[in-house]
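A short write-up of the structure that comes next.
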Protein chains: 2
Amino acid sequence: MAADDPRPLTLRDVSEASGVSEMTVSRVLRNRGDVSQATREKVLEAAKTLGYVPNKIAGALASSRVNLVAVIIPSLRNMVFPEVLSGVSAVLEETELQPVVGVTDYLPEKEERVLYEMLSWRPSGVIIAGLEHTDASRAMLKASGIPVVEIMDTDGTPIDCAVGISHRRAGREMARAILKQGYRRIGFMGTKMPLDHRARKRFEGFTEALAKEGIEVIDQEFYSGGSALAKGREMTKAMLEREPELDFLYYSNDMIAAGGLFELLAQGIDIPGQIGLAGFNGVELLDGLPRRLATMDACRAEIGRKAAEIIASRVDNPAVPVEKIVELTPKIDYGDTLKRR
Amino acid sequence: MAADDPRPLTLRDVSEASGVSEMTVSRVLRNRGDVSQATREKVLEAAKTLGYVPNKIAGALASSRVNLVAVIIPSLRNMVFPEVLSGVSAVLEETELQPVVGVTDYLPEKEERVLYEMLSWRPSGVIIAGLEHTDASRAMLKASGIPVVEIMDTDGTPIDCAVGISHRRAGREMARAILKQGYRRIGFMGTKMPLDHRARKRFEGFTEALAKEGIEVIDQEFYSGGSALAKGREMTKAMLEREPELDFLYYSNDMIAAGGLFELLAQGIDIPGQIGLAGFNGVELLDGLPRRLATMDACRAEIGRKAAEIIASRVDNPAVPVEKIVELTPKIDYGDTLKRR
DNA sequence: GTGAAAGCGCTAACAT
DNA sequence: ATGTTAGCGCTTTCAC
């Protein structure tokens, strides 16, 4: 413990120290209403020397305004989400609003708990990853009466509105690009699906577009846990042993794709001549790899920014009309591992 | 917006719907005091069908208890911090406490602002990265009267208590290990220092231990911004052009070290025979690299866990005595890039 | 086992 | 430009 006095300072303390009414002290501290320069200075002086920190709990209760935006994401260990957060923060920093992060570990029940906790603080808005939620979660969000933006995914029906990309379409487009380069014997590696709806949708779009050309994925493998880089490498090795004839490897994220890249390089395989590869996300982290991985930008920061803008505008004016779904369009980055010369 | 009714539900609504007094409803919802099974069920039923979510703002004001722990870190984009957070969350999940994250971007003034915001919510404790803070921040923390754990670093004087490693010592030990392997012409690459005290201390410890053996770093370079992997690669290339005689490269983090590794591999340099390298952190991310990088574990999750335990125990009982400084001891992981055969 | 009254620290609304 | 009053939605305390 650091202090002797167990009682935190209140407005009253500042009021007494400055000889100004509580109300006026409150006005000064919030920059609201007209206060004379002289009083303002007295108050600020007193607050500063006392070390007064306002009690937002009381303020929020009295004003029934809480300048918090709940941001609910599956994980912080996947760089995608911190990048979305950056976008959110960048926009909210221009406003009174503050993001508060909750992590669900991809578990629907945990999402429900986290959401309940967050809503009990009566935030001004919610930004939540994905369109899949428990019934209870959807009910809470609907009942909350605050703006809700579901992010990252647009393949589904939003509760309120959504900003993201279509992962099904992303999968389809990657499939088309791969076929166009003449690859035909394709393997897929990704995260275990039930947990990750967006990865699942990409895979579905991918296989669907292949099927349209009469092609099926030759081999597939799903992992969970562990270092993505190492897993990507292991899975690739195993898959090549099972299916030496593969000519393309599609990965559900860039990290495992990078692992695969290392394995192919170690085996001295010609990339992208003999085997091509592609990942997903466009994480800048990978800029310095020996080869530039083919990937697809998931528009992470942009999604965060747009979502925050929607919340901010609706907090200012709940009546503003908003598009139900804002679909951003990711582009394929061919890098050095997809385009055959 | 999702709902029609702009007024969120209150205890009174549940009270009326269930025909039980507000007080008893409150007791049921908090599992406090004796309530008959029959009443309890009535209340739970009513709360559920209404979709009542308690208002923690009001609850916190009335009880002057807030089960929030402020966790203040420089960034979420450096994997180190999400890993610390995992440790914190893991421990706090066993308690009533909840972590709330604030990000400072390594800026002391932003730290001050974030801290002020967080303290205004009257959290039960603070976990904050580093021992360097503005005077105002230190004053706020002292005046808060709540437990404060400064983490990641033990080279300095904590406000209340600290859990971390000595980065000076880490730097010294790496220097000794490098010298012991016979390396003598050493280069250093790292982040721009003023922003990152822990990297600075490692560098200081490093040069100090070299100096003791009459050795100086031959070349050094500092970067900021951009992809760490790419930067590591660029800096390494540039440094080798300036100083072809280098026989060891020490990096302030694993990400730039990995970039350096790629550059050395691309140049066909014998590692660790001709040139050795080492990074810092032990990020599991790097498990799948072509060579296992020498590094030093920063005990991230353990630091998070320990810090959370201290907060939790002090919230339960403010009187429990605590060590001022808990210093964990990182070990060198030699990998394949430091130990000459 | 249940209820009534008071008040947490602030701000909205209305004085002056 | 400043002060007064009431009350935000809960929990504490005390009564029954």
Side-chain angles (χ1 to χ4, degrees), chain A residues 5-44 46-47 50-67 96 117 119-124 144-145, chain B residues 5-44 46-47 50 52-68 96 117 119-124 144-145:
Chain A
D5 186 342
R7 187 183 61 80
L9 296 164
T10 69
L11 261 191
R12 159 170 249 104
D13 296 309
V14 183
S15 167
E16 282 166 5
S18 62
V20 176
S21 80
E22 279 187 52
M23 196 53 233
T24 300
V25 171
S26 168
R27 282 196 264 256
V28 170
L29 263 22
R30 287 177 300 142
N31 283 312
R32 286 248 194 303
D34 296 320
V35 180
S36 74
Q37 191 54 32
T39 335
R40 149 168 274 102
E41 274 162 21
K42 258 194 297 187
V43 169
L44 256 18
L50 289 177
Y52 172 69
V53 176
N55 185 332
K56 289 216 180 190
I57 306 266
L61 183 62
S63 64
S64 43
R65 267 187 280 100
V66 180
N67 294 324
E96 302 270 69
E117 285 291 328
L119 289 179
S120 72
W121 289 102
R122 301 287 188 265
S124 295
S144 71
Chain B
D5 183 4
R7 187 182 61 80
L9 296 164
T10 68
L11 260 192
R12 159 170 249 105
D13 295 307
V14 183
S15 167
E16 282 166 5
S18 62
V20 174
S21 80
E22 279 188 52
M23 196 51 238
T24 301
V25 172
S26 168
R27 282 196 264 256
V28 171
L29 264 21
R30 286 177 300 142
N31 284 313
R32 286 253 193 303
D34 296 320
V35 181
S36 74
Q37 190 55 32
T39 333
R40 150 169 271 101
E41 273 162 21
K42 258 193 300 186
V43 169
L44 255 19
L50 289 176
Y52 172 69
V53 176
N55 185 332
K56 289 216 180 188
I57 306 270
L61 183 61
S63 65
S64 42
R65 267 186 278 103
V66 181
N67 294 326
L68 260 24
E96 302 269 66
E117 285 291 329
L119 289 179
S120 72
W121 289 102
R122 301 286 188 266
S124 295
S144 72

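Chain A is the first sequence line, chain B the second, and so forth, proteins listed ahead of strands; every chain is numbered from 1.
Contact between the side-chain N/O atoms of A:T24 and the OP1/OP2 oxygens of D:dT2 is not found at any separation under 4.0 Å. A close approach under 4.0 Å does occur between a side-chain nitrogen or oxygen of A:R65 and OP1 or OP2 of C:dA12. OP1 or OP2 of C:dT11 has at least one side-chain nitrogen or oxygen of A:S26 nearer than 4.0 Å. Contact check, B:Y52 against D:dG9: no side-chain N or O comes under 4.0 Å of OP1 or OP2. Using a 4.0 Å cut-off, some side-chain N or O of B:R30 falls inside it from OP1 or OP2 of D:dT12.
Side-chain contact between B:W121 and A:V53: absent, with no pair of heavy atoms (C-beta onward) separated by less than 4.5 Å.
Here C:dC8 is the nucleotide among D:dT12, C:dC10, C:dC8 with the atom lying nearest to any side-chain atom of B:A62. Side-chain proximity of B:M23 to C:dT11, C:dA5, D:dG9: nearest is C:dA5. Nearest to the side-chain atoms of A:S21 among the listed nucleotides D:dG3, D:dG9, D:dA1 stands D:dG3. The A:T39 side chain lies nearest to D:dT2 when the options are D:dT11, C:dG3, D:dT2. The A:T10 side chain lies nearest to C:dG9 when the options are D:dG9, C:dG9, D:dT2.
Here A:D34 lies in heavy-atom contact (under 4.0 Å) with a base. Within the 4.0 angstrom heavy-atom criterion, base atoms lie near A:R27. Contacts of B:R40 with the nucleic acid, taken as non-hydrogen atoms under 4.0 Å apart, are absent. Nucleic acid contact for B:S64: none, since no nucleic acid atom lies under 4.0 Å from a heavy atom of the residue.
Checking A:E22 against B:I57, the closest nucleotide of DNA chain D that is more toward the 5' end is the one next to A:E22. Heavy-atom nearest nucleotides on DNA chain C were determined for B:G33 and for A:K56, and the one closer to the 5' end corresponds to B:G33.
Judged by distance alone, the side chain of B:S120 and the main-chain N or O of A:N55 form no donor-acceptor pair under 3.5 Å. A donor-acceptor contact shorter than 3.5 Å is absent between the side chain of B:S15 and the backbone of B:L11. When atom types are taken as modelled, the side chain of A:S18 and the backbone of A:V14 share a donor-acceptor pair closer than 3.5 angstrom.
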